[in-house]
Structures are given as structure tokens and as C-alpha cells.
2 protein chains.
Amino acid sequence: MSESLEREERHLARMLRKKAVIDERIANAPNECGLLLVLGGNGKGKSSSAFGMLARAMGHGMECGVVQFIKGRNATGEELFFRRFPEQVRYHVMGEGFTWETQDRQRDIAAAEAAWAVSRQLLRDESIGLVILDELNIALKHGYLDLEQVLADLQARPPMQHVVVTGRGAKEELVELADTVTEMGMVKHAFQAGIRAQKGIEL
Amino acid sequence: MSESLEREERHLARMLRKKAVIDERIANAPNECGLLLVLGGNGKGKSSSAFGMLARAMGHGMECGVVQFIKGRNATGEELFFRRFPEQVRYHVMGEGFTWETQDRQRDIAAAEAAWAVSRQLLRDESIGLVILDELNIALKHGYLDLEQVLADLQARPPMQHVVVTGRGAKEELVELADTVTEMGMVKHAFQAGIRAQKGIEL
């Protein structure tokens, strides 16, 4: 048998085994339930992944809510874009800027608490299929919010509602509670080569 | 001095140092250039991050292109959503399904080559600000495409064009060429608990 034919056969055998495993997993998995996802780590992709899921959910006709716990220097591309769909997305930019920008702990705490009050409304609304809590981890890491209260509100949400939490330094208890957790590791970042944040990529 | 006042002062001093470092970095960074991003790893978030960047870029009015190298069992939420904007996004779903679904190496190679032909058109078009090559890494990993040709086409693209490549098992040479590389590590995934892929999250 030629080498390339052998390769084809090995490939086919491998893929048949893989298909059997995956088909079985899919058949046995429960149908639908609300997931809690936590996207952490230092790498690029946490918030953008959350906003990709927002687009996905909108593609399926779901109503969604967004709370951004940190406000950038300028309106971000995601804000400019998703605000075009007020009938499908409730979009809230609540923070006062990065903590090293505001330099006022009390103001940051007040902003975080206001953001959580809005988040809680979304977490109590059965019509909302997906809630994005962008950079909530930062607010929790700095102790701006009561972790126990946040965990309790997340657990009390409607059973079919998905929640995505982003930001570095996720609290252990939140990771514990979550269904899916990704740590985005930075292999390299353009910033290290002195390249400024780019529109459409970071902004 | 009270403990809480001390805490405030330490916080302020830390944030002032942080602000100085970041302000200097921003001042010294070049203004604009096209980035090559690679999003790999086993964790959840690779494709969704790419689609979040697509939304960002659209928010800034950029024209974009998408090539999906693997076609799912059904139309995904991202496809349903972004096809609503044909004037701003050229959306191509080219693959024949996951390799363990098709079980036909020659058909997979033909599909990957057709997908690359479409990708190359986008990579030669100056009007396109962002190109997403979703799951290209899978096609490269299985040897369905000529890596040298892919790298050459990426390097020959317009200097202001951003490209995002997703998929597990990125080739070393592609990582080398990229400006920003994230490895999405799976801390945990709902699938491990037997929960099926959910609309708006994975689909």
C-alpha cells in the first residue's frame, strides 16, 4: 500500500473514532440551560469574545444586556456598533474609566455599585437571554463590590439566562460557580513591540 | 492615620505610578498599522473573540471580510447575524464541516483550497480593513493548505489591514509572524459537565 493511501486510511480511522465520541457526547448532553462564563487572563480576547457571543445571541433573535464596568477614553467600536440595535440590546456604559485614570477610590466604588444595580435588573429579567458583565472582574478584584452579593444575584438569575463575565484576576469563588472558564494567556501582544491599540482590534 | 485612609493613599500612589507608565507608552506608540492576530488554544473564546473584533471594526465604519474554514451542522448565530450587513461584511462559509464529520481528506483539501482562494482576494483588497480567517489553523494543522503560500499571502496584504486567524494548534511560523497571539486555556468547560453547546454561546 502506498504511503499516501496509508495516511488516508489512518486519517479516516482517527476521524471515525472522533465522530463516534462526539456524537455520543452530543446525544447525551442536556438540551438547553443558562451558562455562566468567565473570561480571564492577561491575553487579548476577553471582551471581544463576550461581544462575539453577543452577536451570536442576536443572530438567534435573543434579547441581550450589556454592562461595561470600565469606560474607555473614547466610545469603543463595540459601543458604537451595538447601540445601533436598541430594540435587541440594552447597552450600559457605567464605569468612570480605568482605576489608574480616575484615581479616586470612592468614586470608583460608587460607579461600580451603580453598575451592579443595573446588572441586577438584567439578571432578574426573564426576557434577557444573555447578559455581558464586561470587566466585572476588575471591580471585584479591587473590592469595589460585595462578592457575596454578586454571587447570590448571579445564582438567582432565570435558569435559561447566559451570563458572560470578563476581566483579569477573576475571584476564585466566581470561577467555582462558573460553567465555562477560559484563561486567555498572552503569548505576545503588539503593545510589547510598541504598537498602539488599534481601532477594530482593541478599541 | 486610620487604616482606611492609609489604604486610600496607597491605592492613589499605585494608580499614579500606573497612569504615568501607561501615558508614556501611549505617547510613544505608533499610530496605526495593520495587525496580524492569532487566537489559539483549547479554551472557549477563539472564534467569538474574532467576531467581537468584527463588531468593533464595524462600529468604526470599516469594511470587513470573513472566511469560515469549517462549516457547522447548522448556520451559526454569527453567520445569521453578520449576514444582515452585506454592505459592510463579505461573509463566506467555505468548509465542508469538521474533519471528523466529512471523513474525506481529498474533499477537505479541495474545500480548504477554495476557501484560501477567497481569503486571498480579501487579503489583496485595500478597501477591507479587517479579515477574519476562522479556523484556518485547523486547515493548516491537517496539512490541507501550503503553509508557505499562506504566510506569503498574509505578508503581502495591504499595510493597514488587520487579520485575525483562529483555531487550535497554530503553526509555529504563523505565531512567529503574528503581532498578537493569545492562547485560550480551558480552565473548565460546560461540556465537561455534560452540557450541550448552547445557542448564543457556542453556536
Side-chain angles (χ1 to χ4, degrees), chain A residues 8 11-12 15-16 18-19 22 26 28-33 35 37 39 43-45 47-53 55-60 62 76-78 80-82 99-101 103 105 129-130 162 175 179-190 193-196 198-201, chain B residues 8 11-12 15-16 18-19 22 26 28-33 35 37 39 43-45 47-53 55-60 62 76-78 80-82 99-101 103 105 129-130 162 175 179-190 193-196 198-201:
Chain A
E8 301 279 315
H11 180 81
L12 183 59
M15 292 301 147
L16 273 168
K18 196 159 185 174
K19 180 169 164 58
I22 289 171
I26 289 171
N28 292 331
N31 269 325
E32 288 186 40
C33 68
L35 299 179
L37 294 95
L39 307 176
K44 156 84 188 142
S47 296
S48 51
S49 175
F51 288 104
M53 287 186 252
R56 266 185 194 148
M58 291 171 72
H60 291 296
M62 291 158 72
T76 54
E78 62 266 28
L80 291 168
F81 183 71
F82 287 111
T99 49
W100 56 87
E101 289 288 344
Q103 311 198 353
R105 189 173 160 83
L130 171 67
H162 302 302
V175 168
D179 302 290
T180 294
V181 180
T182 303
E183 179 79 8
M184 311 229 166
M186 180 166 66
V187 179
K188 58 178 165 178
H189 196 294
I195 298 170
R196 195 190 283 242
Q198 299 293 310
K199 280 186 184 174
I201 302 299
Chain B
E8 301 278 314
H11 179 81
L12 184 59
M15 291 301 145
L16 273 168
K18 196 160 185 175
K19 180 170 164 58
I22 288 172
I26 289 172
N28 292 332
N31 269 323
E32 288 184 41
C33 67
L35 299 180
L37 295 94
L39 308 175
K44 157 85 189 141
S47 296
S48 52
S49 175
F51 288 104
M53 287 186 252
R56 265 186 195 147
M58 290 170 72
H60 291 296
M62 291 158 71
T76 55
E78 63 265 28
L80 292 168
F81 183 70
F82 288 111
T99 49
W100 57 86
E101 289 288 343
Q103 311 197 352
R105 188 173 160 81
L130 171 66
H162 302 301
V175 168
D179 302 290
T180 294
V181 180
T182 303
E183 180 79 8
M184 311 229 165
M186 179 166 66
V187 178
K188 59 178 163 176
H189 196 293
I195 299 170
R196 195 189 283 242
Q198 299 294 309
K199 280 185 185 177
I201 302 298

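The figures that follow rest on heavy atoms only: side chains count, while hydrogens, waters and symmetry mates do not. Below, chain A is the first sequence line, B the second, and so on; all start at residue 1.
Chain B forms the most heavy-atom pairs under 4.5 Å with one residue out of A:Lys44, A:Met58, A:Met184, and that residue is A:Lys44. Note: A:Val187 leads A:Leu80, A:Val187, A:Thr76 in heavy-atom pairs under 4.5 Å with chain B.
A donor-acceptor pair is defined here as one N or O able to donate and one able to accept, closer than 3.5 Å; no such pair exists between the side chain of A:Ser49 and the backbone of B:Ser48. Looking at A:Gln198, its side chain does come within 3.5 Å of a backbone N or O of B:Cys33 through a donor-acceptor pair.
Only the side chain of B:His162 has a heavy atom closer than 4.5 Å to any heavy atom of chain A. For B:Met62, the part lying near chain A is the side chain, with the backbone staying farther off; criterion is any non-hydrogen pair under 4.5 Å.
Remark: A:Ala190 pairs with A:Ile195, B:Leu35, B:Asp179, B:Thr180 by the side-chain contact (heavy atoms from CB on, under 4.5 Å) rule, at least two apart or across chains.
In this structure the side chain of B:Ile201 reaches within 4.5 angstrom of the side chain of A:Leu130, judged on heavy atoms.
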